[in-house]
Each structure stands twice: as C-alpha cells, then as structure tokens.
Amino acid sequence: VLAFARGQSQVLPRKLWMREFMSDLEEMLQIELAGSRVTHVVEDRHRGSVRMDDAKMKRVMTNLVRNAREAMGDAGGEISIVAEAAPNDDRRVLLRVSDTGPGIPAEMEGRLFQSFATHGKAQGTGLGLAIVKTIVDQHEGTLTVRSKPGVGTAFEIGLPIE
C-alpha cells in the first residue's frame, strides 16, 4: 500500500499460461471465501498464454473478490471469474469478475477508482479499486465496470496475450 501511495509500484509482466493462473486463483478463492455464504465459479475459456505480472494480477483479483464478498454480506451470493478471448481482438484476453450482489451505489459513480473512495465499509480504506486500476494500467490493460442495482456487478479486465 505504501509503494502504491508513493507511486513506486511496478509490474514485471511475463508470459504465463492462463490455466496455471486460474488454478492458483481457485485455491486463493477457497481460502478467501471460507466461512462465508459466497460460492464461486472459476472458468478458463482462453486456454492460452497471457502476459502479466501474476502476483500483481492476483492482488487485483483478491481486491475485486473481497469487495464483492463484502458487498454481498451475510446474504451471500455467487462470484464468477471467467477468462476468455476478447471478442474482435485476438491480441487480448478478458478476465471478468462478476457477482450477484446489490450493485454499486449511485453515489460512487464517477469516483469508483479514486483513492480513498469507499462506501458502507467500516474497515475499508478506499484504496482497493484505485490499486486495481493502477495495476491494470501498468499492464497496458483495459478496465470496465457494469453494475445494476439488485442484480450485481461485473468488472472486466482486458490484458495483452503477448
């Protein structure tokens, strides 16, 4: 967090197989979601390589999953993580993290990725999504979000394949 705040965070991308990343992610999710009423699904539809700093991208996924779990609260729900080829772009892979939570509150629109922007979390610092955005940008990736009240939220990350 301190490195991020100082602007000292850097990524060291390398070529790796998506199936390995997704397998590691599956193990991480089992630990992260243990004891909660949140289930998860992890699917690798890409089955190829990708260029990324796997430690930093695991941080991205952990931040997104943690936010989703906290948003769903005691009611629980489902988190889905899917890797697939980007439509109409054979040089990118998409990582989609979606949940069945309450959606993003309207008051967060426009400041979702700003540092210290938080909503409804007593222990939240408001840095999680700012860190996500910074890491995705450092990967020369794209980041989009879709949210619908009462239905859920989906974050989609586009990363270079090579």
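Residue numbers run from 1 in the order of the sequence given.
- A donor-acceptor distance shorter than 3.5 angstrom exists from the side chain of Thr100 to the backbone of Glu78, with no hydrogens or angles considered.
- Contact check for Asp54 versus Arg14: side-chain heavy atoms found under the 4.5 Å cut-off.
- Remark: the backbone N or O of Arg19 is not paired with any side-chain donor or acceptor of Ser23 at under 3.5 angstrom.
- Side-chain contact between His139 and Lys56 is present, with at least one heavy-atom pair separated by less than 4.5 Å.
- Counting heavy atoms from C-beta outward, Arg91 and Ile161 have side chains that stay 4.5 Å or more apart.
- To the nearest 0.5 angstrom, Leu25 atom CG is 10.5 Å from Gln30 atom CD.
- Contact annotation: the side chain of Ser98 never approaches that of Ile79 to less than 4.5 Å [non-hydrogen atoms, C-beta and beyond].
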Between side-chain atoms of residues 36-43 and protein atoms elsewhere (two or more places apart, or another chain), which donor-acceptor pairs fall under 3.5 Å?
{"unit_1": "Ser36", "atom_1": "OG", "unit_2": "Leu33", "atom_2": "O", "d": "2.7"}
{"unit_1": "Ser36", "atom_1": "OG", "unit_2": "Val38", "atom_2": "N", "d": "3.2"}
{"unit_1": "Thr39", "atom_1": "OG1", "unit_2": "Gly77", "atom_2": "O", "d": "3.4"}
{"unit_1": "His40", "atom_1": "NE2", "unit_2": "Glu26", "atom_2": "OE2", "d": "3.0"}
{"unit_1": "Glu43", "atom_1": "OE1", "unit_2": "Arg45", "atom_2": "NE", "d": "3.2"}
{"unit_1": "Glu43", "atom_1": "OE1", "unit_2": "Arg45", "atom_2": "NH2", "d": "3.3"}
{"unit_1": "Glu43", "atom_1": "OE2", "unit_2": "Arg45", "atom_2": "NH2", "d": "3.3"}

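- Between Leu159 and Arg51, the closest side-chain pair of non-hydrogen atoms is not below 4.5 Å.
- For Leu95 against Met57, the heavy-atom pair with the smallest separation is CD1-CG, 4.2 Å.
- The shortest non-hydrogen separation linking Val97 to Met61 is CG2-SD, 3.5 Å.
- Screening Arg47, Arg96, His46 for a side-chain hydrogen bond (donor to acceptor under 3.5 Å, both in side chains) with Glu84, the sole residue that qualifies is Arg96.
- Counting heavy atoms from C-beta on, the side chains of Met52 and Leu16 come closer than 4.5 Å.
- For the atom pair CD of Glu70 and CE of Met72, the computed distance is 10.5 Å after rounding to the nearest 0.5 Å.
- When all heavy atoms are compared, the tightest approach of Gly103 to Thr153 is CA-OG1, 3.4 Å.
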Assess whether side-chain contact (heavy atoms from CB on, under 4.5 Å) is satisfied between Ile81 and Met22, documenting all intermediate values. CA-CA 9 Å; Ile81 300 177; Met22 297 298 275; 3.9 Å; yes
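- The shortest side-chain heavy-atom distance between Val50 and Trp17 does not fall under the 4.5 Å cut-off.
- Side-chain atoms of Leu129 and Val145, non-hydrogen and from C-beta on, never get closer than 4.5 Å to each other.
- Of all heavy-atom pairs spanning Leu94 and Gly158, the tightest one is CD2-CA, 3.7 Å.
- One distance of note links CG of Leu29 with OG1 of Thr62; it measures 7.5 Å at 0.5 Å rounding.
- In this structure, the side chain of Asp53 does not engage the main chain of Val11 through any donor-acceptor pair within 3.5 Å.
- Taking CG of Leu143 as the start and CD1 of Ile135 as the end, the distance is 11.0 Å to the nearest 0.5 Å.
- Of the possible donor and acceptor atoms, none in the side chain of Asp99 sits under 3.5 Å from a partner among the backbone N and O of Gly152.
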The test is side-chain contact (heavy atoms from CB on, under 4.5 Å); show your working for Val60 and Ile157 and say whether it passes. CA-CA 10 Å; Val60 163; Ile157 301 165; 3.6 Å; yes
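- Between the side chain of Ser147 and the backbone N or O of Ile104, at least one donor-acceptor pair lies under 3.5 Å.
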